[in-house]
Amino acid sequence: MLLGVIADDFTGATDIASMLARNGMRTVQTVGVPAGGEAPAADAVVVALKSRTIPAADAVRQSLAALDWLLAQGARQIVFKYCSTFDSTDAGNIGPVGEALLDRLGGIAVVCPAFPANKRTIYRGYLFVGDVLLSESSMKDHPLTPMTDPSLVRVMARQVRDPATVGLVGFETVQQGAMAISTELDRLRAAGKRFAVVDAVADGDLRAIGAAIADAPLLTGGSGIAMGLPDNFRRIGLLAEGGAAALAVPDGRSAVLAGSCSAATRGQVAAVGGRWPTMRLDPVELAAGRQSAAAVLNWAAGQDPDTPVLVYSTAEPEAVRAAQEALGRERAATVLEEAFAAVAAGLVGAGVRRMVVAGGETAGAVVGALGIDALAIGPEIDPGVPWVQAMGADGLCLALKSGNFGAEDFFAKAFARLG
């Protein structure tokens, strides 16, 4: 193993795994920290945690366990991967986890969630989603991690022990290339900084940042930050050419489970229109017992086996707020995750072998319910979203999609891409 990645949710894990595979690293994604034994034969291993929105102390504990395992397997560099929209709150979990990892590994860690292919860019330390600041995007209404401050320096400073330890590498420096970035990181470290938010508005910036941090023990960011890392290992003769695995797609039915309420997923659900059978999960109805996973499975069993079924809880922000007011934020999320987990297990038991899952929390619940330990990375559908295949199981193929990712026709495109 050359590179070890600790991802704070399952869709983010497949996102960065796809990036590494596309750039020539044999990549395997594990579901949680493997219980024992050696890592699968791979250049990079991505440990997928479900730690984005749990209490910060638990996220730190899980992340350090992942770090210990990756280092024991010989990982030469560690990436802490989080969402390209920096999903977190003032209590964490990006800052506390980053600090705990840095306490163990030392050095200065870059903070760079930029992913220009999906219109996430950083300028003067401010995170943009498309043409607007993060705080003006749909992320301001996220049900678990509403993002109302676009300054990554400020957000990160509120999450670490000492706000003065967060610095910035500005765009003017990034434009000068890897050497200038490296020199500035050295200067910031000498000045007592432990984290450096780094501007990036194009793929070339991310590749320059990657070259500048070739020797850094730890880096943090979105999947874009991994773009330049394979070439670092290739330059010193440790990496041959490789890439995404060719998946042996099993026969079976197809389904989409959409738990995200992001604007992108709302558009993708709407795009299905009346073409596929659809069923909406309502957290209030589930909590009251008027809706159940068993009823959804009975409904799905009666649909045309050659047409995908769509089960979704995706809703407009006003509906999400109403459910949270009725049940409480945590209860509303829990009843949906439990329902999606039960539906996923039932669908697979009924012969579904191709499944798209939208939303990080939903993906975590689904993968946990299916008892999957590791995933092989397959072909990319849209930037940041590949097909993956359960290893050592029945060949189930999954597309674990971040709620914010994918074009409007993503669901149909996904099944066409798989063949």
Side-chain angles (χ1 to χ4, degrees), residues 10-11 13-31 40-42 44-46 48 242-258 265 268 271-272 275-278 297 300-301 303-312 340-341 343-359 362-402 405-407 409-419:
F10 288 82
T11 60
T14 58
D15 175 10
I16 194 167
S18 177
M19 177 68 73
L20 294 170
R22 181 160 25 109
N23 284 275
M25 296 191 91
R26 296 173 303 146
T27 306
V28 169
Q29 176 180 333
T30 69
V31 178
V45 174
V46 181
L247 303 185
V249 182
D251 293 331
R253 302 181 69 173
S254 302
V256 177
L257 303 182
T265 301
Q268 291 154 0
V272 170
R275 295 184 295 119
W276 296 351
T278 62
L297 292 170
Q303 306 305 315
D304 180 355
D306 295 325
T307 302
V309 296
L310 167 63
V311 180
Y312 68 99
F340 275 118
V343 168
L347 288 174
V348 171
V352 167
R353 292 295 178 268
R354 306 169 183 84
M355 184 181 292
V356 176
V357 185
T362 307
V366 166
V367 170
L370 296 177
I372 296 170
D373 296 322
L375 298 162
I377 308 304
E380 192 172 57
I381 305 161
D382 271 340
V385 194
W387 276 107
V388 298
Q389 189 163 36
M391 298 173 65
D394 54 10
L396 174 68
C397 291
L398 295 164
L400 306 175
K401 185 192 83 71
S402 170
F405 282 12
D409 63 347
F410 179 85
F411 295 155
K413 184 191 302 181
F415 295 119
R417 182 74 174 87
L418 197 58

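Quick caveat: nothing in here was measured; it's all calculated off a predicted structure.
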- [ ] Please answer whether the main-chain N or O of G395 pairs with a side-chain N or O of Q389 as donor and acceptor at a distance below 3.5 Å.
- [x] yes

Open item on the list: Could you check whether atom CG of D251 has more than 12 heavy atoms from other residues, nucleotides or ligands sitting under 6.0 Å from it?
Closed with: no

TODO: Write down the atom of G378, the atom of P386, and the distance for their closest heavy-atom approach.
DONE: O-CB, 3.8 Å

TODO: Report yes or no: does Q29 contribute a side-chain atom to a donor-acceptor pair with the main-chain N or O of L375 at less than 3.5 Å?
DONE: no

Open item on the list: Given 3.5 Å as the limit, does a donor-acceptor pair link the side chain of Q268 with the main chain of A407, or not?
Closed with: yes

Task: Verdict with reasoning, L297 to L347, per side chain to side chain contact (heavy atoms under 4.5 Å, CB included) - done: CA-CA 7 Å; L297 292 170; L347 288 174; 3.9 Å; yes

Open item on the list: Please identify which of these residues, V309, V311, L310, V352, meets the side chain to side chain contact (heavy atoms under 4.5 Å, CB included) condition with L257.
Closed with: V311

TODO: State whether the side chain of R353 and the backbone N or O of V348 hold a donor-acceptor pair below 3.5 Å, judged by distance alone.
DONE: yes

Task: Passing candidate, side chain to side chain contact (heavy atoms under 4.5 Å, CB included) with V367, options V357, T362, V31 - done: V31

Task: M391 CE to I372 CD1 distance, which is reported to the nearest 0.5 Å - done: 12.0 Å

Open item on the list: Nearest 0.5 angstrom please: F10 CZ to L398 CG, how far?
Closed with: 11.0 Å

Task: Atom pair CZ (R253) and CE (M355), whose distance is rounded to the nearest 0.5 Å - done: 11.0 Å

TODO: Please round to the nearest 0.5 Å and tell me the distance separating atom CZ of R26 and atom CG of L20.
DONE: 13.0 Å

TODO: Check I381 against A399 and note the closest heavy-atom contact, atom names and distance.
DONE: CD1-CB, 3.7 Å

- [ ] Going by the side chain to side chain contact (heavy atoms under 4.5 Å, CB included) test, name the single residue among T11, D15, V366 that passes it with L400.
- [x] T11

Open item on the list: To check you understand the geometry: which heavy-atom pair defines the closest contact between A345 and L370, and what is its length?
Closed with: CA-CD2, 3.8 Å

TODO: In sequence, state the C-alpha distance, the side-chain angles, and the governing distance for W276 and D304, and then conclude on side chain to side chain contact (heavy atoms under 4.5 Å, CB included).
DONE: CA-CA 9 Å; W276 296 351; D304 180 355; over 6 Å; no

- [ ] Measure the CG-CD1 distance between L247 and I377 for me, rounded to the nearest 0.5 Å.
- [x] 9.0 Å

Task: Pairwise distance CZ(R275) to OG1(T307) - rounded to 0.5 angstrom - done: 10.5 Å

Return a table of donor-acceptor pairs under 3.5 angstrom between the side chains of residues 410-418 and protein atoms on other chains or two or more places apart.
from	atom 1	to	atom 2	distance (Å)
K413	NZ	D382	OD1	2.8
K413	NZ	D382	OD2	3.4
R417	NE	E380	O	3.1

